[in-house]
Amino acid sequence: MDLGIRGKRALVCASSKGLGLGCAEALAEAGVDLVMNARGAEALEAAAEDLRRRFGVSVQTVAADVTTPEGQAAVIAAAEGVDILVNNAGGPPPGMWSDWERDDFIAALDANMLTPIALIKALVPPMIERGWGRVVNITSQSVKAPIAVLGLSNSARAGLTGYVAGTARQVAQYGVTINNLLPGSHDTDRIAALDAGTAKAAGISPEEARAARQAGIPAGRDGTRQEFGATCAFMCSQHAGFMVGQNILLDGGNVNATL
Ligand code: NAP
């Protein structure tokens, strides 16, 4: 399917690896020029060069922590005038509900709620002026069904989801759509780190922790970054103009719910 976005320009935050990279890859395949971001310059430059070589698109890189005001300023300056914004950042650490203090919540809110909101506020107005834009926020299945050890994530992402629900309905009349893409378990460094934590706590191997987790997923496996990226690219396509304020769950059936 031709996604109809060849020649458009996108900012994909936190995209040197994992789900962000999957989104950048799928957009590049659709002919979209990119601004890619991550903290580590080496992996970021390698990923960017790979996409330039494979898809012939222009890729600019911004090595910065997107959750800081300085990082946001650098990313926004490079991404001025983009048609597509994919919001992403690392997820908060796991823990116990009774351990988290105010500073832990502030850090999680900064990273997973206030950063995407800041980028939306900076980059959506020119999209409105041009009458076309797409925003996809990478959130989590934890918005639909809480993951107890990820309480910081549950909280911050619920806040972003509420903001998007209202804002998407305010900007839709200008041809700009804002939606959230909710990953269940995907095969990335993040899930490997979470499995390692579970294994340590339970006194089992990471492989056993992974197998036990996957046994609970109806699809019987983790998702891939390519599957995730293809869904993101569709949400950024011409065909998705009537999708407004939605939460698209990609979880292999893991959230046991009818709706
Ligand atoms: P990942 O494999 O750890 O990749 C994270 C990517 O983001 C890397 O490129 C990393 O590069 C970059 N990054 C992290 N923090 C950043 C920051 N502050 N500023 C700029 N770039 C940053 O993670 P992932 O699995 O793709 O997860 C992406 C998001 O989806 C996370 O918020 C995660 O919590 C959420 N999620 C993932 C899953 C899953 O199963 N994988 C499930 C639910 C939700 P640098 O380290 O060099 O910055």
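Atoms considered below: every heavy atom in the structure, side chains included; atoms not considered: hydrogens, waters and symmetry mates. Every number for a ligand or one of its atoms is a count from 1 in the order of the listing.
Taking the ring centre of Trp100 as origin, the terminal cationic atom of Arg102 falls outside the region bounded by 6.0 Å and 45° from the ring axis.
The protein heavy atom nearest to atom 16 (C) of ligand 1 is Arg39 NE, 3.5 Å. Here the heavy atom of the protein found nearest to atom 41 (N) of ligand 1 is Thr188 OG1, 3.0 Å. Given atom 19 (N) of ligand 1, the protein heavy atom at minimum distance is Val66 N, 3.1 Å. With hydrogens left out, the protein atom closest to atom 47 (O) of ligand 1 is Gly40 N, 2.8 Å, a heavy atom. Protein heavy atom in closest approach to atom 5 (C) of ligand 1: Lys17 O, 4.5 Å. Considering only non-hydrogen protein atoms, atom 32 (O) of ligand 1 sits nearest to Ala89 O, 2.6 Å.
No more than 12 heavy atoms of other residues, nucleotides or ligands shown are found within 6.0 angstrom of CD on Glu42. In this structure, Asn256 places its CG atom where only 12 or fewer heavy-atom neighbours from other residues, nucleotides or ligands lie under 6.0 Å away. Atom CD of Glu80 sits in a sparse spot, with 12 or fewer heavy atoms from other residues, nucleotides or ligands closer than 6.0 Å.
Contact atoms of ligand 1 toward Asn88: 28 (C), 29 (C) (distance under 4.0 Å to a heavy atom of the residue). Listed by number with element, the atoms of ligand 1 under 4.0 Å from a non-hydrogen atom of Gly18 are 2 (O), 26 (O). Atom numbering of ligand 1 starts at 1 in the shown order; those under 4.0 Å from a heavy atom of Ala14 are 6 (C), 7 (O), 12 (C), 13 (N), 21 (N), 22 (C). Near Gly91, meaning under 4.0 Å from any of its heavy atoms, are these atoms of ligand 1: 31 (C), 32 (O), 34 (O). Close contacts between ligand 1 and Asn37 involve ligand atoms 20 (C), 21 (N) [criterion: under 4.0 Å to a heavy atom]. Of all the atoms in ligand 1, the ones that sit under 4.0 Å from a non-hydrogen atom of Ser185 are 40 (O). Using a 4.0 Å cut-off to heavy atoms of Thr67, the atoms of ligand 1 that qualify are 18 (N). Residue Leu19 approaches ligand 1 through these ligand atoms, each under 4.0 Å from one of its heavy atoms: 26 (O), 30 (O), 37 (C).
Contact detail for Glu227 and Leu250: the closest heavy-atom pair is O-CD2, 4.1 Å. Heavy atoms only, all atoms of each residue included: Ser237 and Ile5 are closest at CA-CG2, 3.9 Å. Shown here for Ile84 and Cys236, the closest heavy-atom pair between the two residues is CG2-SG, 3.6 Å.
Within the structure, salt bridge (Lys or Arg N to Asp or Glu O under 4.0 Å) pairs that include any residue of residues 105-114 do not occur (at least two apart or interchain).
Checked against a 3.5 angstrom limit, the closest N/O atoms of Ile191 and ligand 1 fall outside it.
By the criterion of a heavy-atom distance under 4.0 Å, both the backbone and the side chain of Asp65 are placed next to ligand 1. At a 4.0 Å heavy-atom cut-off, ligand 1 touches Thr139 through the backbone alone. The backbone of Ala64, and not its side chain, has at least one atom closer than 4.0 Å to an atom of ligand 1 (non-hydrogen atoms only; backbone = N, CA, C, O).
The heavy atom nearest to atom 35 (C) of ligand 1, considering only Arg157, Arg190, His186, is found in Arg157. Of the candidates Gly71, Ser140, Gly184, the one placing a heavy atom closest to atom 42 (C) of ligand 1 is Gly184. Comparing Ser16, Pro183, Ser15, Ser142 by heavy-atom distance to atom 8 (C) of ligand 1, the nearest is Ser16.
Here the side chains of Asn179 and Val135 are not in contact, with every heavy-atom distance at 4.5 Å or above. At least one side-chain heavy atom of Arg9 sits less than 4.5 Å from a side-chain heavy atom of Asp33.
Side chains of Thr115 and Gln72: a donor on one and an acceptor on the other come within 3.5 Å.
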Requested in this report: Might you work through the salt bridge (Lys or Arg N to Asp or Glu O under 4.0 Å) test for Asp195 and Arg213, ending with a clear yes or no?
Outcome: CA-CA 8 Å; Asp195 283 344; Arg213 183 178 52 69; 2.8 Å; yes
